[in-house]
Every structure is written in C-alpha cells, then in structure tokens.
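Structure first, commentary second.
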Amino acid sequence: MTTAWNKPLPTVAGETKAFWDSCRRGQLVIQVCEDCGEYQWYPRGICANCWGENVRWVQSSGRGTVWTYTVTYQNRTPGFAEMVPYVLALVELEEGVRMFTNIIDCNPRDVHIGMPVEVTFQTATPQITIPYFKPAG
Amino acid sequence: MVDLRRAAAIVGIHEHVTRYAPDKSELQIQGESVIKALADAGLTKDDVDGLFTASSSARNSGMNLADYLNMYPSYVDNTTVGGGSFEFHLSHALTAIAAGRINVAVITYSSLARSGGVSVGTGGVGRFGHPVLEPSPDSFEELYGMTTVGLYAMIARRHMHLYGTTAEQLAEVSVAMRHHASMNPEALFRDPITVEDVVGSRVISDPLHLMDCCIITDGGGAVVVASPEVARNCRRTPVWVLGTGEAIAHQGAGKRDLMYIAAHQSSPRAFEMAGVTHDDIDMAMVYDSFTITVVETLEDLGFCKKGEGGEFVSGGRLKVGGGLPINTDGGGLSSNHPGMRGLFLLLEATRQLRHQFDGTGRQVPNCQLALAHGTGGALGSRHSGGTVILARD
C-alpha cells in the first residue's frame with residue numbers, strides 16, 4: 001500500500017544530486033576532501049575546511065550514535081502534525097560528522113544520548129528516498 | 001582597532017506598548033515608534049540620515065519603510081540575522097557614525113506575529129513562509145520535522161546530559177522573568193508563577209515545557225542613535241555604546257560542538273572593545289526565547305563557567321536585588337515577543353541606565369553598565385549572536 005508523501009521533500013541541486021541518487025540505491029554517502037582529508041556534512045560543492053574543489057563521495061558505514069535528541073509533541077506542519085510525538089535527533093556518524101534525522105522504528109521513550117543507531121531508508125517518491133536512523137541491530 | 005568607545009549614544013527610545021494590534025500594519029507600528037523615539041530624543045525627521053531595520057516577514061523592509069515614512073536616508077542597513085539583528089544594527093550604526101558617514105540613525109522593528117497567528121516556535125517548515133526547500137541546508141533538515149523549539153530542546157537535552165542541568169533549574173529563569181513582568185504594567189503575563197507551574201506545564205518538545213518557551217505577541221519599537229556632538233544636545237542624557245561584538249555560529253560542516261553558542265565568540269569581542277570586565281556589569285538583557293537560551297548565553301557570555309548555568313540561574317540571582325539581574329521588563333518569556341526581540345533588549349537596558357524606574361522595585365540600583373545579548377536563529381543549528389555593552393553618561 002502506498003500513500004502520498006505529505007511531508008516536505010528535498011530540492012535536489014547539482015552539488016547534492018549524487019547524495020540523493022545514492023539514497024535511492026539504499027546507500028548513505030558523505031563527502032571527504034581529497035586535499036585536506038576532512039569529512040563534511042551537509043554535502044556541498046566545495047570543501048568547507050580548506051575551500052578546495054576536490055571533494056569526493058564515499059560510502060558511510062551508516063552507523064553512529066545519538067549526539068542529542070528531542071521528543072517533539074507539537075509541529076503545525078502537515079505530515080508532522082499527525083506524526084507527533086516523534087524523535088528529532090542529531091546523529092554523529094562513525095566518520096565524525098553530525099547530521100539531523102529522525103530516530104524511527106522504536107519507542108521515543110527508549111531513545112537516549114549515546115544510543116547506537118544505523119541508517120534506514122524510506123521511499124518518499126519514485127525520485128526521492130530519505131535516510132533515517134533506527135536502533136542498531 | 002580604532003577606539004570606538006562612546007563614539008555613539010542611544011538618545012531616544014520608544015516601545016510600542018501593544019501586544020495585540022490586528023487593526024494596525026507593521027509599517028504603522030514602526031512609523032509611530034520612530035516618531036515617538038525621535039520626540040524622546042528631541043530630534044526631528046530631518047535629523048535622521050541612517051535607517052536600520054529587519055523583518056521576519058516583509059521583503060525589502062528598508063525600502064518599504066523609507067517609502068512609508070517618506071524619508072530619504074543616506075545609509076541603509078537591513079541586516080537580518082533573526083532576533084539578534086538589532087544588536088548588529090547598533091554595532092553597524094556605531095561604526096557608520098564613527099566614520100562620519102551619518103550623524104543620527106534610527107533602528108526600528110515591528111511584527112504582528114500574534115494577530116497574524118504565526119506559530120513562531122512550532123510552525124515547522126512553514127514557519128518562515130518558504131514551502132519549497134532550499135537545496136541546502138533545508139533539504140537535509142526540514143525533512144525531519146524541525147521546529148524552532150525542537151532545535152533549542154536538543155541543546156537543552158544535551159546540556160542536561162553533560163552537566164546535570166535540571167528542568168527545575170531551567171524553570172527558575174521563567175520564574176524570575178515573570179517576577180519582573182509583575183512590575184511591568186505593559187507585560188502580557190503578570191501573575192507570579194512557580195517552578196512547579198513551569199515543570200507542570202505541557203511538554204512542547206522534550207525537555208522544554210510550554211512555560212520554558214517565550215510568548216508570541218505583536219509589538220514594535222525604535223531606538224535613536226546619535227554622534228557625541230548630537231547626543232550632547234539631545235533632550236535625554238545619552239546612553240553610550242562602549243563595546244559591540246558580532247558572531248554567527250553554525251554546524252561547522254557537521255563538526256562544531258554547538259554546546260558553545262555564538263555568544264562565546266561575540267562576548268570577548270565586546271568586552272575587549274569596551275575595556276570592562278564582567279564584574280563591572282550591573283544588569284544584562286539576555287535574549288530569552290527559551291529558558292535554555294538564557295542558561296547557555298550566560299555561560300558563553302562568561303558570567304559563569306560552561307555547565308554551571310543551571311546553578312547560576314537558580315536562587316533568584318537573575319532578579320533585581322540578585323547577583324545579576326536580567327530582563328527587568330519580564331523578557332520574551334513574559335512581557336512581549338513579536339517574532340524577533342533583540343530591539344527590546346536595547347530599550348530596557350537604556351531605561352535602566354537612565355534610572356527611569358528609580359524608587360520602584362524594577363530599577364537596578366545605581367545602574368551604570370548594562371550588557372545586551374541578542375540571539376537570532378536556533379541554537380541547535382545556526383544562529384547569530386550580538387553583544388553590546390552600554391554605559392550611563
């Protein structure tokens with residue numbers, strides 16, 4: 001059964017297309033700079049550290065820990081208004097960068113800082129697949 | 001750096017006392033505020049050559065405002081970095097005046113957030129009126145149901161985790177602000193509250209309760225800033241700008257520890273410029289969008305060590321008569337919060353330095369130096385911080 005996706009969808013730009021293409025294949029990729037070796041998040045067309053142009057896509061392990069989180073009980077936005085309470089979180093990937101996400105497939109009360117999590121994907125539209133995190137199995 | 005201490009002064013202020021004005025436009029509130037702030041200073045329309053404003057709703061805010069007021073300013077600044085914009089404006093006005101570009105600047109703001117039904121804190125992605133996401137960073141954040149309160153709640157959660165800060169300590173901030181509001185006849189909420197009231201109010205985004213969150217009102221105001229030569233001939237005793245510091249904090253490509261907020265960068269700049277120390281500050285106006293905002297800001301301003309903010313705000317220290325009175329108008333938690341509140345920090349700091357409340361419980365005794373720190377945006381993702389230090393003549 002499919003229902004129409006009523007949450008916001010990302011806008012794909014040239015510098016982020018490879019990320020969204022990878023999500024559609026079930027892979028979480030991040031960027032690393034060929035010049036300075038630094039990982040970065042969110043994806044962008046330059047290295048945020050050394051401002052070089054040689055950023056390369058690499059597959060993340062998809063594993064990390066909850067850096068912080070909140071259980072949200074109020075959001076007026078359609079799609080989220082019906083979803084409350086949900087867990088908004090910052091997850092620190094094993095590669096060392098932190099990304100915003102939802103922790104899903106668990107009771108919000110069980111989420112805690114330091115909790116091991118792993119990436120999981122949900123298909124929003126034929127073009128867009130969105131990464132989320134769930135408790136590590 | 002060039003010594004800019006006392007290179008400009010606040011000479012006129014006005015707070016539009018409305019908290020609900022469905023019959024007015026934002027421009028009308030700004031217009032009325034500018035007129036009365038200039039009258040407070042003893043200046044006229046023709047004296048003004050600099051126009052500073054920010055808006056969370058209207059585009060082209062500076063153009064539209066100049067049009068409405070029928071002014072032709074020679075210096076315009078629409079720096080819009082959220083609620084702290086007006087501390088940035090004061091900093092920029094100081095620099096423009098010191099450089100001789102202008103003599104008199106007006107900084108003004110208004111919002112109809114309440115009568116417009118704007119869900120400032122919980123509106124989600126629609127809260128700023130941009131339903132189509134930008135490729136970045138929105139497209140990596142708003143998919144997950146970000147809210148302003150949620151972004152502050154995540155910082156509160158980690159602060160509790162790292163430092164043992166409690167919900168009761170955060171509540172102390174709300175209690176102190178309400179105490180001050182009880183002495184402000186214009187404040188929206190004036191009935192005293194207790195720590196139990198705050199922690200017993202419903203949870204909006206864990207661990208922040210309803211009464212950890214600022215209120216939503218309409219409102220506006222204006223500040224007139226002038227060169228020393230002009231200031232000396234104004235109706236009011238000047239309130240001098242001693243130091244300013246500006247900063248932006250953000251995720252740092254996924255690596256910054258946002259437990260340190262923009263105040264950590266802006267505060268040393270302002271104190272160094274002013275040449276004063278924390279012990280010299282008699283009162284502070286600290287942006288109180290949420291209770292955690294005050295705790296984090298006081299730490300990163302340097303009034304206490306990182307992690308000790310929960311203890312610092314407890315026991316009435318923030319009330320007049322305590323060690324560091326803050327937000328003596330009742331703050332955004334109880335007095336008013338029309339979308340962006342930074343302007344009102346300058347207004348109340350000026351009133352305190354004018355000793356406007358002498359003989360009442362609202363006046364900080366012998367107030368000589370005040371600090372205002374505006375925060376705009378969200379602590380958990382990206383935000384601005386503007387610190388200003390003001391002195392009585």
Side-chain angles (χ1 to χ4, degrees), chain A residues 7-17 19-20 30-31 38-45 47-49 66-81 83-90 92-93 95-102 108-109 112-114 124 128 130-132, chain B residues 117-127 130-162 202-210 213 250-259 292 378-382:
Chain A
K7 293 184 211 166
L9 286 166
T11 301
V12 180
E15 63 182 345
T16 61
K17 184 172 183 298
F19 174 83
W20 296 110
I30 60 174
Q31 291 174 316
E38 289 283 320
Y39 288 103
Q40 66 181 9
W41 179 260
Y42 49 88
R44 61 198 84 184
C47 170
N49 182 51
V66 173
W67 193 78
T68 190
Y69 72 97
T70 177
V71 184
T72 303
Y73 292 86
Q74 187 170 319
N75 183 340
R76 306 274 189 209
T77 309
F80 297 110
M83 203 175 114
V84 294
Y86 61 89
V87 181
L88 180 59
L90 264 170
E92 184 169 281
L93 294 175
E95 291 83 5
V97 294
R98 292 186 284 270
M99 57 186 289
F100 285 108
T101 190
N102 298 134
R109 278 195 293 267
H112 57 271
I113 290 175
I128 297 294
I130 298 174
Y132 296 90
Chain B
V118 180
S119 298
V120 179
T122 60
V125 66
R127 64 197 185 277
H130 304 301
V132 176
L133 303 187
E134 294 296 325
S136 54
D138 293 5
S139 290
F140 297 96
E141 299 179 1
E142 301 291 354
L143 313 176
Y144 302 113
M146 313 292 274
T147 60
T148 300
V149 58
L151 286 161
Y152 283 82
M154 283 193 282
I155 294 298
R157 170 56 65 201
R158 189 162 174 84
H159 203 278
M160 290 175 163
H161 173 77
L162 290 177
R202 71 186 164 90
V203 176
I204 303 295
S205 197
D206 170 58
L208 297 180
H209 308 79
L210 177 67
C213 305
H250 49 72
Q251 289 285 333
K255 292 181 177 170
R256 175 175 173 137
D257 181 357
L258 269 177
M259 293 308 290
I292 184 63
L379 293 194
S381 56
R382 60 197 62 80

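Each chain gets a letter, A, B and so on, in the order the sequences are listed, and its residues count up from 1. Values below: every heavy atom of this structure, side chains too, minus hydrogens, waters and symmetry copies.
- Taking chain B as the reference chain and counting heavy-atom pairs below 4.5 Å, the highest number among A:Leu9, A:Val87, A:Thr70 is found for A:Thr70.
- Proximity to chain B involves both the backbone and the side chain of A:Thr101, based on heavy atoms less than 4.5 angstrom apart.
- Closest of all the heavy-atom pairs between A:Tyr42 and B:Phe140 is CB-CD1, 3.8 Å.
- The nearest pair of heavy atoms linking A:Asn102 to B:Leu143 is OD1-O, 4.4 Å.
- Taking CG from B:Leu258 and CG from A:Leu90, the interatomic distance works out to 8.0 Å, rounded to the nearest 0.5 Å.
- The pair A:Glu38-B:Lys255 meets the salt-bridge criterion, with a side-chain N (NZ, NE, NH1 or NH2) lying under 4.0 Å from an Asp/Glu carboxylate O.
- A:Asn75 contributes atom CG, which lies 10.5 Å from atom CE of B:Met146 (distance to the nearest 0.5 angstrom).
- In this structure, B:Tyr144 and A:Leu88 approach most closely via the heavy-atom pair O-CD1, 3.6 Å.
- Comparing A:Val97, A:Val71, A:Ile30 by heavy-atom pairs within less than 4.5 Å of chain B, the highest count is held by A:Val71.
- Residue A:Pro10 comes nearest to B:Ser139 through the heavy atom pair CA-OG, 3.5 Å, listed as atom of the first residue, atom of the second, then distance.
- Residue A:Arg76 qualifies as open at atom CZ: its count of foreign heavy atoms under 6.0 Å is 12 or below.
- Summarising the geometry of B:Val132 relative to A:Thr11, their closest heavy-atom pair is CG1-OG1, 3.9 Å, with the distance given to 0.1 Å.
- Here the side chain of B:Arg158 pairs a donor or acceptor atom with the backbone of A:Trp67 at under 3.5 angstrom.
- Of all non-hydrogen atoms in B:Met154 and A:Tyr69, the two that sit nearest each other are CG-C, 3.7 Å.
- In this structure, A:Gln74 and B:Val203 have side chains that are not in contact, with every pair of non-hydrogen atoms separated by 4.5 Å or more.
- Applying the side-chain contact (heavy atoms from CB on, under 4.5 Å) rule to B:His250 yields the partners B:Ile248, B:Arg382; only residues at least two apart in sequence or on another chain are considered.
- Looking at A:Pro108, neither its backbone nor its side chain comes within 4.5 Å of chain B, counting heavy atoms on both sides.
- Side-chain contact between A:Glu15 and B:Ser136 is present, with at least one heavy-atom pair separated by less than 4.5 Å.
- For A:Ala81, no part lies near chain B; criterion is any non-hydrogen pair under 4.5 Å.
- In this structure, A:Phe100 and B:Ser381 have side chains that are in contact, with non-hydrogen atoms separated by less than 4.5 Å.
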